[in-house]
Amino acid sequence: MKEQLETLRHSTAHILAQAVATLFPGTKFAIGPAIADGFYYDFDLPISLSQEQLSEIEKKMKFIIKSNLAFEQTMMKKGEAIDFFSQKGEKYKVELIENIPDEEVSIYKQGDFIDLCRGPHLKRTGEIKAFKLISVAGAYWRGDEKNPMLTRIYGTAFETKEELEQHLHNIEEAKKRDHRKLGKELGIFQLYDEAGPGLIYYHPKGAIVREEICRFLRLEHANRGYHEVVTPHIARVDLWKTSGHYDFYRENMYFMTVDGMEYVLKPMNCPGHILIYKSQMHSYRDLPLRFFELGTVYRHERSGVLHGLLRVRGFTQDDAHIFCTREQLKDEIQQVLEFIITMLVSFGFKEYEIYLSTRPEKYVGSDEIWDMATSALEMSLKEKELPYQIDPGEGVFYGPKIDIKLKDALSRTWQGPTIQVDFNLPERFNVTYVGQDGKEHQPVMIHRVVLGSLERFMGALIEHYAGAFPVWLCPTQVLIATITERQTTYGEFIQNQLRTNQIRTVTDFRNEKIGFKIREAGMQKLPYVLILGDNEEQNKTISVRKRGSVDMGQMRVEDFISMITTEIREKSVDIWS
RNA sequence: GCCGGCGUAGCUCAGGGGUAGAGCAACUGAUUCGUAAUCAGUCGGUCGGAGGUUCAACUCCUCUCGCCGGCUCCA
């Protein structure tokens, strides 16, 4: 973000704070930074604030802007500042100052509003031309849920009114791509109150999309030497005690007691794959051994975090566990990275962020093995020349990981693909292989998903394509629409030809105008509509209309079949919206 | 889980203590039409659920379930 814009937004945040100070005496102030597309300020308010009150605050802010107050900076000795803010009861500010290492702290003042702030700021409040308060939300002080919850007001500001309008318009447009809205409109999936939150029901069209993705995944995994396995949805609690999930993951697990025995609905697939590995002795010659499963898992996510397909309680991962030697680790990681990137590209994803998460405070295993695994991950990223960021201390307790985050329509990021190195489970389950030396050794395990969960991936995919899937994924690939009922027989003949060629085809022989049929097809984002009238029947042709109002004119049905078949086979991601 | 908001017909939404509304969809009929909405009629609701206040609650209050925006947490 441009520094100028950042300053503008930060200054707007200060004006917001001043307005709140005037309107709600007794408010304590926390922090108010500029963020990606605006700013926020966190307050400890004496009252609870609702969305409607934002316009009242905006009004006050406009008054402050009009008053054209100067932003004045002064420096204060740390002790002095602590006294000053303590006197005002500003406990959050005092806490902030105490954490500043310098001797002096910077204070900004506009009118009678004084705030701890590094700056920089605009010269005067009057420089703000275009801002809007967006929403009010709760946020924990310092982002820690053990701390009190503050009231956060989000807003945005731009240099011109036009830019502000454009931004608000963009958000409205993005909302039209929301997978929850499109999922319902296009008949892809639905959630049902009576069935429980976070549980997805794929409708027939969604099931087709999902199945196409699964078929593709199975093929690609087989091509890369993975062995597909299938494991049960429940397992005795003992298995989860051995794995450590019972101790570390219990609040996310579903339990049930049957015949006096306790079972767990699986939250992960790893223990199952380990059982399969351990069913026989393995030589170093067997490694790497890769078990793949489209494994459906259930996790009790906290109610407030559920979000359409992107965050659910039951989902299917394209999960695999690779058992390999330490020497093979880097090579395996590289292959997985390559696999992931290839798949993302084939689905048309260009925007994703890669993170390398390193050793957290609590961890198992030696420093030496952590360093080895972390550098294996990092070297793989470097050699693939993939740009990445480091997420320090964000690794799992059992090992470091690479996460790839996909973006939704509103640019919120969601973790999809991940590669995690694990030293813990092989230890807990006493997983071994016989080495060249004839002795038992412990393999390293890699947990990895390529798309992540099918649910989340489909959600991201719907938003990515705004519901207009590439033809190979489309539930309906071709609609045959007749001009009058006279062409019904010809339409059936055409449909038969397409179906014989495995093209998913539906017909619209209703007594409706062609414009009406085309409109419906357009709203359903169907890629091709074949229009049949007397003209086509006489010429033994079809008129082809491609998604996005493109009239391709008349052609022979064989030519159309060959064209669309190629498009399907190549999984063409050519987008025409 | 926490903070704030919202739940009215299959869908999108209006209404506001005194007989429940529109558009689309569905159904019936007419129309047989050339590239994003043909016309007319009909059907459709325990106003998310449970308590309470009131002569009277869809409307006010309490609880509860679900959804939305955030926070925290994650595929």
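A, B, ... follow the sequence lines: proteins, then strands. Residue 1 opens every chain.
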Starting at atom [atom1] of [X], determine the distance to atom [atom2] of [N], rounded to an integer number of angstrom.
X: A:Arg299; N: B:C73; atom1: CZ; atom2: P; result: 16 Å
X: A:Lys513; N: B:U32; atom1: NZ; atom2: P; result: 11 Å
X: A:Arg313; N: B:C73; atom1: CZ; atom2: C1'; result: 13 Å
X: A:Leu199; N: B:A75; atom1: CG; atom2: C1'; result: 15 Å

With a 3.5 Å cut-off and heavy atoms only, can you find an N or O donor on one side and an acceptor on the other between the side chain of [X] and the base of [N]?
X: A:Glu536; N: B:G34; result: yes
X: A:Arg311; N: B:C73; result: yes
X: A:Tyr140; N: B:G70; result: no
X: A:Arg302; N: B:C71; result: no
X: A:Arg486; N: B:U32; result: no

Sole residue of A:Leu133, A:Ile134, A:Val136 in side chain to side chain contact (heavy atoms under 4.5 Å, CB included) with A:Gln51:
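Of all the options given, the one that passes is A:Val136.
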
When we call it a touch if two heavy atoms are under 4.0 Å apart, what does [X] touch: a base, just sugar-phosphate, or nothing?
X: A:Asp534; answer: base
X: A:Val297; answer: nothing
X: A:Glu520; answer: nothing
X: A:Ala139; answer: sugar-phosphate
X: A:Gly533; answer: base
X: A:Tyr154; answer: sugar-phosphate
X: A:Ile514; answer: sugar-phosphate
X: A:Gly515; answer: sugar-phosphate
X: A:Ser48; answer: sugar-phosphate
X: A:Leu451; answer: nothing

Considering every strand shown, what is the Watson-Crick or G-U wobble mate of [N] when both distances are under 3.5 Å?
N: B:G34; value: none
N: B:C2; value: B:G70
N: B:G23; value: B:C11
N: B:C43; value: none
N: B:G51; value: B:C61

Please report the closest heavy-atom contact between A:Asn147 and A:Trp141, naming both atoms and the distance.
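Distance-wise, the nearest heavy atoms are ND2-O, 2.8 Å.
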
Given [options], the nucleotide with the shortest approach to the side chain of [X]:
X: A:Val136; options: B:A75, B:C67, B:G4; result: B:G4
X: A:Gln415; options: B:A75, B:G1, B:U35; result: B:A75
X: A:Arg180; options: B:C67, B:G69, B:C71; result: B:G69
X: A:Glu145; options: B:G66, B:A75, B:G1; result: B:G1
X: A:Val305; options: B:C68, B:C73, B:A25; result: B:C73
X: A:His307; options: B:G69, B:C33, B:A36; result: B:G69
X: A:Thr484; options: B:C33, B:C67, B:G69; result: B:C33
X: A:Arg519; options: B:U38, B:A36, B:G66; result: B:A36
X: A:Ser50; options: B:A75, B:G5, B:U72; result: B:G5
X: A:Asn535; options: B:U72, B:U35, B:G34; result: B:G34

Under 30°, 30 to 60°, or over 60°: which ring-plane class applies to [X] and [Y], parallel, tilted or perpendicular?
X: A:Tyr41; Y: A:Phe43; value: parallel
X: A:Phe255; Y: A:Tyr246; value: perpendicular
X: A:Phe457; Y: A:Phe347; value: perpendicular
X: A:His167; Y: A:Phe158; value: tilted

[atom1] spacing across the pair [N] / [M], given as an integer number of angstrom:
N: B:U72; M: B:U46; atom1: P; value: 41 Å
N: B:A25; M: B:C68; atom1: P; value: 27 Å
N: B:C33; M: B:G48; atom1: C1'; value: 45 Å
N: B:C58; M: B:C2; atom1: P; value: 29 Å

At less than 4.0 Å, is any side-chain N or O atom of [X] found next to OP1 or OP2 of [N]? Yes or no.
X: A:Arg152; N: B:C2; result: no
X: A:Ser303; N: B:G1; result: yes
X: A:Arg412; N: B:G70; result: yes

Under 3.5 Å, side chain of A:Glu394 to main-chain N/O of A:Asp391, donor-acceptor pair present?
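No; judged by distance alone, with no hydrogens or angles, the pair does not exist.
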
With a cut-off of 3.5 Å and sequence neighbours excluded, list every side-chain donor-acceptor pair involving residues 183-198 of chain A.
unit_1: A:Glu185; atom_1: OE2; unit_2: A:Lys181; atom_2: NZ; d: 3.1
unit_1: A:Gln190; atom_1: OE1; unit_2: A:His203; atom_2: NE2; d: 3.4
unit_1: A:Tyr192; atom_1: OH; unit_2: A:His203; atom_2: NE2; d: 3.0

